[in-house]
Amino acid sequence: MVVILALGLAIAAVIVLAAPRPLAVVDVSPAAGATDVAPAAQIVVTFSRPLDEATAAAAITIAPSVAGFTSVAGRRLAFTPRARFSAGTTYVVTVGGGVRDRGGRALARPLVITFRTRAAALVARTRSGLVRITLGAGVVPLVEGQVGAFAVSGAGALAYVDPRPRQLVVQRARKPVLRVAVPSDLDVRDLEWAGEDALLFLGARLDDAGRPFIVKLDAPAPAVAPFGDGSAGARLTGPLVIEILKSSLVDVVYRRDSYAITPDGRNVIVRDRNWDLALVDLDGGRRGTIGPFLAVGNASPRGDGLAVVDVDPGDPALRRRVFRYGRDGAARPLSPPEADTHSPRFAHTGELIAVATAPAVGRPADRPFALALIDVESGARRPLTSPPPGAADDEPRWSTDDGWIAFRRSAIGNPSAGRVWMVPVAGGEARAVEPEADAVRWVP
C-alpha cells in the first residue's frame, strides 16, 4: 500500500511539473510608475519565452494614442513612437492577453503599466546668469553672473563661456569641471555640442562673419583650435565670381556664417576655401562637397536631408529660399520664390521645418519676419507666429518632443535687444519666456 501511494504521488508530481505554464512578463522599460521618462524613450517588454510575431504585433496599446511601430525580437516586444512621446504626459500601456509564445501559450492576464514623461525644460540666459526653466514647475539657478554663448548636450552636459577670465567652462556628470582658455580677440558664437566629447563654435574677430573652431574634450590637453580647411574669411583660390558674391551676401544679409552638425555628432558641414559647404569629420578630414549655398540650417534627424538656404546674387530684393538638400545631391525648394525665407530647422521627426519668412520688401534687415512651418514632403505651409508691428521673429528651436518652438523676438533694426518667446506647434498664442531671457537651449 505504501509503495502504491508513493508511486501515485510521484506520477501526480510529474503531471503538475509538466503542465505548460502561461507566458509571463519578466521586465518592462520604462518601469511601472516611472517618472521623468525621456520623450524619446522606447517601450520594451521582455517575456519569459520567445514570442509568436503574428500575435505580438497588435498586442500593445497606449493611451493617449501614439503613432508608432511595434517590433518583435525573440522574447522582446518593442514599441517605438514615430515622433516622440509628449513631454509632461502620463501614459497607460496595455499588453493584451492575445499575445502568445511560439508554442501557443498566452499571458495569464493582460499587463497594464503607467509612466510619465519628463516636463519640457529650457536652459535660459538671463541678466543674472543661466537658469533651468521647467514648464509648469519653476526656475532653478545654474550659473550666476554674466555668461556668453552656451550649449546643452544630448546627455544634459552644460558648456558656456565665462567672459571674465575668457574661458569655456564644461560641466559633465561624474567628471570634474573643465576650463579651456578662449583667445581674447575671439567672439564665440553658436556654441554647439558634437556628440559628448567635442564642442564647436563660430569664432569672429572684429565684425567678420566668423570661422569654425573646435574643442576636443577627450584630448590630453583640450584647447580651442581652428576647424576645417577654410572659412568665410579665407582667401578664395580662384576667380569664382558666384562664390565671391555669396561671401559678400553673408555679410550683407546674414552678418554671420553658419554650420551644422550631423545627427550622429561625427561630421560637420562647414565652409571650405572656395566657399563651398563641405562635409568634414571631427578630425578635419573632408568627406564630401555639398555646394556653394548661402547658409545651412540643420540636418534631418533621420540623416536623409539637409536644410540649406540660397539666394540669387542677381536678385535686387535678395530673396532667400529654403531647400531640402538630399543624399542624391538634389536641392528641392520648400519656400515660395516671392518671399524672403531663412533660418530653417528640422523637427526631431524630420517631417516639418520651421523657418523665418517675410515679404521681400525693403532691406533684408528691415523685414518683419514671422515663423512658419513647412511640411517637408508636401511643401504645405502654415503660419506659426504673428509679431506685433515693428518686431520680427527669428532663431526657431524645437523642444525635445516637438511640441514647442522657442524663438527670438526683437525690434526691427535692433536685433541685439531681443528676448526669447515660445509658441505651441499645434497652434496657439506665443508667450514670452519668464524670467526674461535672450537665448535658450532645450534640455534633452
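For this chain, numbers begin at 1 and follow the sequence in order. Computed from a predicted model, the values in this text were never measured in an experiment.
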field: Spacing of CZ belonging to F407 relative to CE belonging to M422, to within rounding of 0.5 Å
entry: 9.5 Å
message: Ignoring hydrogens, what is the shortest heavy-atom contact between A437 and A124? Give both atom names and the distance.
response: CB-CB, 3.7 Å
query: More than 12 foreign heavy atoms under 6.0 Å from CZ of R266: is that the case here?
result: no
- prompt: Which atom names give the shortest non-hydrogen contact between L191 and A159, and what distance separates them?
  reply: CD2-O, 3.8 Å
- prompt: Atom CZ in R49, atom CG in L23: separation rounded to 0.5 Å?
  reply: 5.5 Å
- prompt: Just one of I353, I374, V308 clears the side-chain contact (heavy atoms from CB on, under 4.5 Å) bar with P344, so which one?
  reply: I353
message: One thing to verify: whether R321 and D310 come together as a salt bridge, which I'm taking to mean a side-chain N less than 4.0 angstrom from a carboxylate O.
response: no
- request: Using a 4.5 Å cut-off on heavy atoms from C-beta on, say whether the side chain of T400 contacts that of R84.
  value: yes
message: The criterion is ring pair (Phe, Tyr, Trp, His ring centres under 6.0 Å); which residues satisfy it with F323, sequence neighbours excluded?
response: none
- prompt: Side chains of I290 and V296: closer than 4.5 Å at any heavy-atom pair?
  reply: no
field: salt bridge (Lys or Arg N to Asp or Glu O under 4.0 Å), paired with D438, selected from R125, R419, R409
entry: R125
query: Does any non-hydrogen side-chain atom of I43 lie less than 4.5 Å from one of P30?
result: yes
query: Do the numbers put R211 on top of the ring of F213, so that NZ or CZ is under 6.0 Å from the six-membered ring centre and no more than 45° off the axis?
result: yes
query: Does the side chain of V95 come within less than 4.5 Å of V25's, by heavy atoms?
result: no
message: Check whether D276 reaches the backbone of A278 with its side chain - one donor and one acceptor, N or O, closer than 3.5 Å.
response: no
- prompt: Can you name the nearest heavy-atom pair linking V376 to L334, along with the distance?
  reply: O-CD2, 3.7 Å
task: Report yes if the side chains of P212 and F201 come closer than 4.5 Å at any heavy-atom pair, otherwise no.
output: no
query: Would K216 and D218 pass as an ion pair if we require N to O under 4.0 Å?
result: no
- prompt: Hey, does the side chain of D52 reach the backbone of A54 with a donor-acceptor pair shorter than 3.5 angstrom?
  reply: yes
statement: Sorted by chain and residue number, the side-chain hydrogen bond (donor to acceptor under 3.5 Å, both in side chains) partners of T89 (sequence neighbours excluded) come out as none
Main-chain N/O of G154 paired to W193 side chain as donor or acceptor, under 3.5 Å: no
message: Between R118 and D401 (salt bridge meaning N to carboxylate O under 4.0 Å), is one present in this structure?
response: no
Donor-acceptor pair, side chain of S300 and main chain of G305, under 3.5 angstrom: no
query: Any luck finding a side-chain donor-acceptor pair between T385 and D393 under 3.5 Å?
result: yes
field: Rounded distance (nearest 0.5 Å) linking atom CG of D394 with atom OG1 of T357
entry: 11.5 Å
message: If we ignore hydrogens and angles and just use 3.5 Å, is the side chain of T117 paired with the main-chain N or O of S86 as donor and acceptor?
response: yes
- line: Tightest non-hydrogen contact, residues V309 and F293, listed as O-CB, 3.6 Å
message: Please check if the number of heavy atoms outside Q146 that lie under 6.0 Å from its CD is greater than 12.
response: no
task: Give a yes or no on whether R164 atom CZ has more than 12 heavy-atom contacts from other residues, nucleotides or ligands under 6.0 Å away.
output: yes
field: F85/F115 aromatic ring centres below 6.0 Å
entry: yes
query: When you look at CZ of R132, are more than 12 heavy atoms from neighbouring residues, nucleotides or ligands closer to it than 6.0 Å?
result: no
Trace of the side-chain contact (heavy atoms from CB on, under 4.5 Å) decision for I269 with T262: CA-CA 8 Å; I269 295 96; T262 56; 4.1 Å; yes
Heavy-atom closest pair, residues V224 and V180: N-CG1, 4.0 Å
- prompt: Stepwise, does the salt bridge (Lys or Arg N to Asp or Glu O under 4.0 Å) test hold for R441 with E192?
  reply: CA-CA 10 Å; R441 296 289 189 273; E192 298 289 350; 3.8 Å; yes
- request: Would you check, one step at a time, whether the test side-chain contact (heavy atoms from CB on, under 4.5 Å) holds for D340 with F369?
  value: CA-CA 9 Å; D340 182 14; F369 289 99; 3.3 Å; yes
message: Has N298 got a side-chain atom pairing as donor or acceptor with F346's backbone, closer than 3.5 angstrom?
response: yes
query: Do L352 and D375 come within less than 4.5 Å of each other through their side chains, counting heavy atoms only?
result: yes
- prompt: Sub-3.5 Å donor-acceptor pair from the side chain of W398 to the main-chain atoms of R345, do we have one?
  reply: yes
query: Tell me, do S48 and R21 make a side-chain contact under 4.5 Å, heavy atoms counted?
result: no
- request: Would you give the length of the straight line joining atom CG of D190 to atom CG of L200, rounded to the nearest 0.5 angstrom?
  value: 11.0 Å
message: Just verifying a value: how many Å separate E351 CD and T349 OG1, rounded to the nearest 0.5 Å?
response: 4.0 Å
- line: The complete set of salt bridge (charged side-chain N to carboxylate O under 4.0 Å, His left out) pairs with one or both residues in residues 61-78, sequence neighbours excluded, reads none
query: Once you round to the nearest 0.5 Å, how far does CD of E395 lie from CG of L371?
result: 10.5 Å
task: Might you point out which heavy atoms bring V66 and I62 nearest each other, and give the distance in Å?
output: CG2-CG2, 4.2 Å
Test side-chain contact (heavy atoms from CB on, under 4.5 Å) applied to R286 and D272, step by step: CA-CA 9 Å; R286 189 186 185 100; D272 67 9; 2.9 Å; yes
- prompt: How about P364 and H342: do any of their side-chain heavy atoms sit closer than 4.5 Å?
  reply: no
message: Determine whether Y259 and F227 satisfy the following criterion, side-chain contact (heavy atoms from CB on, under 4.5 Å), listing intermediate values before the conclusion.
response: CA-CA 11 Å; Y259 72 96; F227 179 75; over 6 Å; no
query: Counting distance only, does the side-chain N/O of R166 pair as donor-acceptor with the main-chain N or O of L186 below 3.5 Å?
result: yes
message: Exactly one of V72, D101, L107 should register a side-chain contact (heavy atoms from CB on, under 4.5 Å) with F47. Which one does?
response: L107
